[in-house]
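The structure appears right after this line, and notes come after that.
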Amino acid sequence: MSISIRFDGDELQGRDGATIAGVLLANGQRTWRDAQGAERGIFCGIGICQDCILTVNGVEGVRACQRPACDGDVIERETSA
Amino acid sequence: MTRVIVIGAGPAGLAAAASASAAGADVVLVDEGERVGGQFWRHHPDFTDPRLQHQLGRFGTLRAALGSVRMLSSTSVWRVENFPLRVHVLTGPTDAANRQGETLEADAIVVATGAHDRVLPVPGWTLPGVTSAGAAQALAKRDALTLGERTVVAGAGPFLLPVAQSIAILGGEVAEVVEAASISTIVRGWGAKAWQLTAAAGKAGELGSYVASLAQHRTPYRFGSAVTRIHGSDAVEAVTVQRIDPQWRPIAGTERTVECDSVALGHGFTPRLETAIQFGCEISSTRFVTVDSQQQTSVAGVYAAGEITGIGGADAALAEGEIAGLAAAGIPGADLRYRSPLAARRRMRAFAARLDVHGIRPGWTAWLDDDTIVCRCESVRKASIDEYAGVSSRGMRLATRAGLGACQGRTCGRSVEDIVGACQPGQGSDSRPVFDNRPVLSSVRIGELAALSDLAAPPSPASTPTTVADTPTTDSAGGS
């Protein structure tokens, strides 16, 4: 089973049940956030470090490594102020 | 009927819930994850390669024993109280905006919150492609993924072995495994009183499978070495591997460059103490929860099991959890049901004592530059930590912002303490910053707190000593 999510406007295919980080990484997307000008990717993978947060369906601060991806999710990068 | 709440559904928590339930207690098991199992049995029913899982038989038995246990998965504990014993939780999709709040009450609590990777900072460690060793393992188990095509696995301790094996099983190349402890230290540590280890023979079989996997893939295993620099402009391109002395100081002139696109770093584990600290449990000088022979903490009715009482692996956690569950359910210490887990705990503690040879040595700070980021969330550099080394924990946080970011010092706290210690030799551990005292235990959105206060019963001083209004909001940074 395949699902489809939108990441910054691009449509990405992923396996049903994968985490959002899993879908992004499987599509070759290694970073989805920047902190003080530098790109950041997944780091702890278990919900501790919060380095992988992004915006899901308009809700900010969602940990990509912990949230299962759902068909139709709209994902956006977060940029540091 | 005794009401028991178990916090954490890894090996210790599952064993505690199962034994408390079997002893007749009314048990609620609370866990952040979507599925029980914790990090050790992290899995997805469709994706996880069974070769990455150990002791699945035991996992199945424990799950089957949870029949009458109330399971609260995808549930975060954000606050606890110790008199009366209360646990405040939010249930719903990870970091969603409208999770459901609930307050649970109990006669006894088992805290089994486990541990997470300790990762020592190294120049370049914020580059995309650098993860904790636990992340490499979690991605492999949960999503059947390796981060890159060619990975260096580096740090200290036996956990590097299953991480390397997982990457190899999923088709990734492990360029090298880099272990900080020297071969002579390991032989001395693991070889001493070897007869104590025969009782942990199951571990030998597991070890054998890792060694076979390394041999099969011809993976170099370097001892007495560390990754002291990670190179790359936008992402990882290579690492410097360097010999280190027994204090983990880099030895000049021994640098080698290893090309790779990923680095998995793990220098052991640090216990997740914040829930136990909020309950008021005594913490030892080695920074674990102090427990008695029945896993009871210094707080009446609060028990602790697993990695928060000492890093010992899943078998030790299972034994401790079983003991804690029985005790929390009110089973007297003379009962025969304690015999088997007590014996298992004794065996596994002998095994766990060997892990000391991989313990972090203070000389590691010598591989940092002034510019190396120590606190990832706030991009605080080593020079800033040095500059404020003499101030209090609070002063350090306010002046540098180290530990004030989204992770609240979970990633950098211990490293900041080490750096401060390196600057002030002779200073006692009591005066160092302590980052594990967190008034809010997990990220909570302000809107969720507001919704809880709308729903709350009229406050009565006796039953609600902590109101939402005086809850500090500093920990909500990641979620609001």
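The chains referred to below are lettered A, B, ... by the order of the sequence lines, with proteins before strands, and numbering in each begins at 1.
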| task | Carefully, step by step, assess A:Asp34 and A:Arg77 under the rule side chain to side chain contact (heavy atoms under 4.5 Å, CB included). | result | CA-CA 8 Å; A:Asp34 65 291; A:Arg77 285 176 63 97; 3.8 Å; yes
| Tell me, side chain or backbone of A:Asn57 under 4.5 Å from chain B's heavy atoms, or both, or neither? |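 No part of it gets close to chain B.
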| query | chain B heavy atoms under 4.5 Å from A:Ala38: which part of the residue, side chain, backbone, both or neither? | reply |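 It is neither, since no heavy atom gets under 4.5 Å.
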Sort out for me which of [options] touches chain A most, counting heavy-atom pairs under 4.5 Å.
options                               : answer
B:Pro128, B:Gly129, B:Cys412          : B:Pro128
B:Glu32, B:Gln39, B:Arg142            : B:Arg142
B:Ala97, B:Ala235, B:Ser132, B:Ala133 : B:Ser132
B:Ala144, B:Pro93, B:Gly134           : B:Pro93

| task | Give the minimum heavy-atom separation between A:Cys49 and B:Cys377, together with the two atoms involved. | result |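 A:Cys49 and B:Cys377 have their closest heavy atoms at O-SG, 4.0 Å.
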| Minimum-distance pair of heavy atoms, taken over all atoms of B:Ile373 and B:Arg381 |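 Between these two residues, the closest heavy atoms are CG1-NH1, 3.9 Å.
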Under 4.5 Å from any heavy atom of chain A, what part of [X] do you find: side chain, backbone, both or neither?
X        : value
B:Leu265 : neither
B:Ala138 : side chain
B:Ser262 : both
B:Ala136 : neither
B:Asp261 : both
B:Arg376 : both

| What is the distance from atom CD1 of B:Ile311 to atom CZ of B:Phe269, rounded to the nearest 0.5 Å? |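 It comes to 7.5 Å.
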| query | Hey, is CG on B:Asp49 packed in by over 12 heavy atoms from elsewhere, all under 6.0 Å? | reply |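 For B:Asp49, atom CG is crowded (more than 12 foreign heavy atoms under 6.0 Å).
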| said: If you count heavy atoms of other groups shown closer than 6.0 angstrom to CD of A:Gln13, is the number above 12? | reply: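 Count over threshold, so yes.
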| field | Between A:Thr31, A:Asp51, A:Val23, A:Val56, the one whose heavy-atom pairs under 4.5 Å with chain B are most numerous | value |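 Of the candidates given, the most pairs with chain B belong to A:Asp51.
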| Between A:Asp16, A:Ile48, A:Leu25, A:Ile42, which residue shows the highest count of heavy-atom pairs closer than 4.5 Å to chain B? |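 So the answer, after comparing A:Asp16, A:Ile48, A:Leu25, A:Ile42, is A:Ile48.
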| request: Quick one: do B:Ser166 and B:Gln137 satisfy side chain to side chain donor-acceptor pair (under 3.5 Å)? Show the steps, please. | output: CA-CA 7 Å; B:Ser166 298; B:Gln137 185 76 331; 2.6 Å; yes
| field | SB check B:Arg410 B:Glu274 (cutoff 4.0 Å) | value |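 Judged by the 4.0 Å cut-off on N to carboxylate O distance, B:Arg410 and B:Glu274 do form a salt bridge.
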| task | Just jot down the side chain to side chain contact (heavy atoms under 4.5 Å, CB included) partners of B:Ala402, sequence neighbours excluded, or say none. | result |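 Only B:Cys375, B:Val380, B:Ile385, B:Thr400, B:Val416 meet the side chain to side chain contact (heavy atoms under 4.5 Å, CB included) criterion with B:Ala402.
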